[in-house]
Amino acid sequence: MKRILIVGAGGGIASALMQQVKARQLSLMTISRGNSVGDSEHLQADLSREDHIPMVREWLAARPLPDVVIVCSGMLHRSDKGPEKTLRDFDDTFFIENLQTNVLAHVHMAQAMMPLVKRDSVVRWLSLSAMVGSITDNRLGGWYSYRMSKAALNMFIRNMAIEWQRKAPKTVVVAVHPGTTDTALSRPFQANVATDKLYQPQQTAERILRIAHNVTEEDSGYLFHWDGTRLPF
Ligand SMILES: NC(=O)c1ccc[n+]([C@@H]2O[C@H](COP(=O)([O-])OP(=O)(O)OC[C@H]3O[C@@H](n4cnc5c(N)ncnc54)[C@H](OP(=O)(O)O)[C@@H]3O)[C@@H](O)[C@H]2O)c1
């Protein structure tokens, strides 16, 4: 791992990842809706928007291709609306926002990068997903928009892994469950989380980088727990 691209770089897990990348003296590229996230080669873009794809592609094309891409984009709640407890709370606008952030930001990033990936390219792609997007693991219900959008992200990752392996056999494409991490995304929902199950962003960042380091072509298309084991979709 030499050159790492972090997408959705303004968030809590992404900020910790950036610190770890810097500490390891790897070269860092970042994309965020914000105009600056610190000391990195930075592009301001909103990947939930389809019309930003060409700008992202042009920026990527002007630089060496990153060998690791970590897409951190995601949402669980808005300031005025939390995830649904029951179907009564479901509304289309909130669901569509979840799809734009939890799925389309990842799809658009892949679309921007795809033409630059050549047959001999070596790229490891990690999309931050969530265990609650696992259909097999869902025993509690609730959180309709988040669960459905993360399930869609997981399917996207499987599809993309198949397509990229045909195009560039040395690529690895995985989804990662980072574990409940103390960031703005989880803060309103931490009360019921045991203290030893609530992780600090630095700890989570180390675990994600360990997965980025360890995954091989055989792992492509799977959802990984932060401890490196595979989770059922
Ligand atoms: N924290 C946890 O407990 C936990 C658990 C399981 C999974 N995850 C997943 O891990 C990832 C990172 O989470 P985090 O805890 O670091 O969350 P966070 O601090 O809220 O960061 C989320 C990032 O997503 C991007 N984003 C948010 N809303 C967006 C919107 N409407 N349009 C476009 N981009 C938007 C932002 O990127 P920019 O502003 O930089 O563009 C933001 O930096 C997410 O995918 C999340 O689902 C987190």
Side-chain angles (χ1 to χ4, degrees), residues 5-20 28-38 40 42-53 55-56 69-83 93-109 112 125-134 137 143 145-154 156-157 174-195 197-205 207-209 211 223-227 231:
L5 168 60
I6 297 176
V7 181
I13 295 176
S15 304
L17 278 167
M18 286 168 54
Q19 283 179 32
Q20 297 274 338
L28 176 62
M29 300 162 72
T30 50
I31 302 177
S32 169
R33 292 169 303 167
N35 65 1
S36 164
V37 290
S40 62
H42 182 67
L43 175 71
Q44 182 172 17
D46 182 349
L47 274 159
S48 66
R49 290 178 49 169
E50 189 178 26
D51 61 342
H52 282 201
I53 296 173
M55 169 175 55
V56 173
V69 181
I70 307 177
V71 188
C72 300
S73 312
M75 71 168 276
L76 171 59
H77 57 89
R78 272 193 329 231
S79 54
D80 60 336
K81 183 164 171 66
T93 308
F94 185 68
F95 177 54
I96 290 163
E97 275 176 34
N98 269 264
L99 288 176
Q100 280 167 334
T101 313
N102 292 328
V103 190
L104 289 177
H106 298 243
V107 175
H108 293 157
M109 183 60 219
W125 175 291
L126 287 77
S127 274
L128 297 194
S129 183
M131 196 146 87
V132 297
S134 162
D137 190 63
W143 291 15
S145 296
Y146 191 67
R147 284 187 190 274
M148 288 195 282
S149 57
K150 290 294 192 184
L153 172 65
N154 292 342
F156 169 66
I157 288 301
V174 297
V176 176
H177 167 62
T180 307
T181 306
D182 184 11
T183 66
L185 182 138
S186 70
R187 211 147 286 143
F189 313 98
Q190 292 176 1
N192 295 328
V193 182
T195 37
K197 294 265 166 28
L198 177 66
Y199 308 117
Q200 288 312 305
Q202 288 301 336
Q203 198 174 12
T204 295
R207 290 165 171 168
I208 293 168
L209 288 177
I211 293 174
L223 168 64
F224 280 84
H225 192 258
W226 59 257
D227 66 7
L231 289 167

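Note that ligands are numbered from 1 as they come in the structure, with each ligand's atoms numbered from 1 the same way. This chain uses plain numbering: 1 for the first residue, then up along the sequence. None of the values given here were measured: they were computed from a predicted structure.
- Residue Cys72 places at least one N or O, backbone or side chain, under 3.5 Å from an N or O of ligand 1.
- Of all protein heavy atoms, the one closest to atom 15 (O) of ligand 1 is Thr183 OG1, 2.5 Å.
- The shortest contact between atom 47 (O) of ligand 1 and any protein heavy atom is with Tyr146 OH, 2.7 Å.
- Heavy-atom contacts of Thr101 reach the following atoms of ligand 1: 26 (N), 27 (C), 28 (N), 29 (C), 30 (C), 31 (N), 32 (N), 34 (N), 35 (C) (cutoff under 4.0 Å).
- Between the choices Ser15, Gly11, Ala45, the shortest heavy-atom distance to atom 21 (O) of ligand 1 belongs to Gly11.
- With atom 27 (C) of ligand 1 as the reference point, the heavy atom nearest to it among Ser73, Gly133, Gly74 is part of Gly74.
- Counting all heavy atoms, side chain and backbone alike, Ser129 lies closest to Leu223 at CB-CD1, 4.2 Å.
- Looking at atom 41 (O) of ligand 1, its nearest protein heavy atom turns out to be Arg33 N, 2.8 Å.
- Panel note: side chain His52, backbone Ala45; no donor-acceptor pair is recorded below 3.5 Å.
- By the 3.5 Å distance cut-off applied to N or O atoms, Ile13 is counted among the residues near ligand 1.
- Between Val37 and Ser15 there is no side-chain heavy-atom pair separated by less than 4.5 Å.
- Closest to atom 40 (O) of ligand 1 by heavy atom, among Ala184, Ser32, Ala16, is Ser32.
- Within ligand 1, counting atoms from 1 as listed, the ones closer than 4.0 Å to a heavy atom of Gly179 are 2 (C), 3 (O), 4 (C), 5 (C).
- When each atom of ligand 1 is checked for a heavy atom of Gly10 under 4.0 Å away, the hits are 40 (O), 43 (O).
- Proximity of a side-chain donor or acceptor of Thr101 to a complementary backbone N or O of Asn98 within less than 3.5 Å is not detected.
- Numbered from 1 in the order shown, with element, the atoms of ligand 1 that lie under 4.0 Å from a heavy atom of Leu128 read 10 (O), 11 (C), 45 (O).
- When non-hydrogen atoms are compared, ligand 1 lies under 4.0 Å from the backbone of Ser129 (N, CA, C, O) but not from its side chain.
- Annotation: Ile31 places no N or O atom under 3.5 Å from an N or O atom of ligand 1; distance criterion only.
- Note on ligand 1: Pro201 sits outside its first shell, no heavy atom being nearer than 4.0 Å.
- The nearest pair of heavy atoms linking Asn154 to Ser134 is ND2-N, 4.4 Å.
- Between Phe156 and Ser127 there is no side-chain heavy-atom pair separated by less than 4.5 Å.
- Polar contact check, Ala14 against ligand 1: no nitrogen or oxygen pair lies under 3.5 Å apart.
- Using a distance-only test at 3.5 Å, with no hydrogens or angles considered, no donor-acceptor pair links the side chain of Arg33 to the main chain of Asp46.
- Nearest to atom 37 (O) of ligand 1 among the protein's heavy atoms is Gly8 CA, 3.3 Å.
- Between Ala130 and ligand 1, a contact under 3.5 Å exists for no N or O pair.
- Looking at ligand 1, you won't find any N or O of Thr180 less than 3.5 Å from one of its N or O atoms.
- Shortest non-hydrogen contact noted between Trp125 and His106 is CZ2-O, 3.8 Å.
- Residue contact annotation: Gly34 has no non-hydrogen atom under 4.0 Å from ligand 1.
- Under a 4.0 Å criterion applied to the non-hydrogen atoms of Asp46, ligand 1 contributes the atoms 32 (N), 33 (C).
- At least one heavy atom of Lys150 sits under 4.0 Å from some atom of ligand 1.
- Using a 4.0 Å cut-off to heavy atoms of Ala9, the atoms of ligand 1 that qualify are 40 (O).
- Here the closest non-hydrogen pair linking Ser149 and Val103 is O-CG2, 3.2 Å.
- For Tyr199, the heavy-atom gap to ligand 1 stays at 4.0 angstrom or more.
- Atom 19 (O) of ligand 1 has its closest protein heavy atom at Gly12 N, 2.7 Å.
- Among Leu104, Ile53, Leu5, the single residue meeting the side chain to side chain contact (heavy atoms under 4.5 Å, CB included) criterion with Met109 is Leu5.
- Other residues, nucleotides and ligands place more than 12 heavy atoms under 6.0 Å from the CD atom of Gln190.
- Protein heavy atom closest to atom 8 (N) of ligand 1, with residue, atom name and distance, is Pro178 CG, 3.5 Å.
- When all heavy atoms of His177 and Met131 are compared, the closest pair comes out as ND1-N, 3.0 Å.
- At the shortest separation from atom 17 (O) of ligand 1 among protein heavy atoms lies Leu185 CB, 3.4 Å.
- Side-chain contact between Gln202 and Gln20 is present, with at least one heavy-atom pair separated by less than 4.5 Å.
- In terms of protein heavy-atom proximity, atom 2 (C) of ligand 1 is closest to Thr181 N, 3.5 Å.
- At a 3.5 angstrom cut-off on N or O pairs, Asn102 does not count as close to ligand 1.
- Counting heavy atoms from C-beta outward, Ile6 and Met29 have side chains that stay 4.5 Å or more apart.
- Taking each heavy atom of Phe94 and Met75 in turn, the nearest pair found is CE1-CE, 3.7 Å.
- For the pair Thr181/Trp226, no side-chain contact is recorded, criterion being any heavy-atom separation below 4.5 Å from C-beta on.
- Between the side chain of Lys150 and the main chain of Leu128, a donor-acceptor pair closer than 3.5 Å is present.
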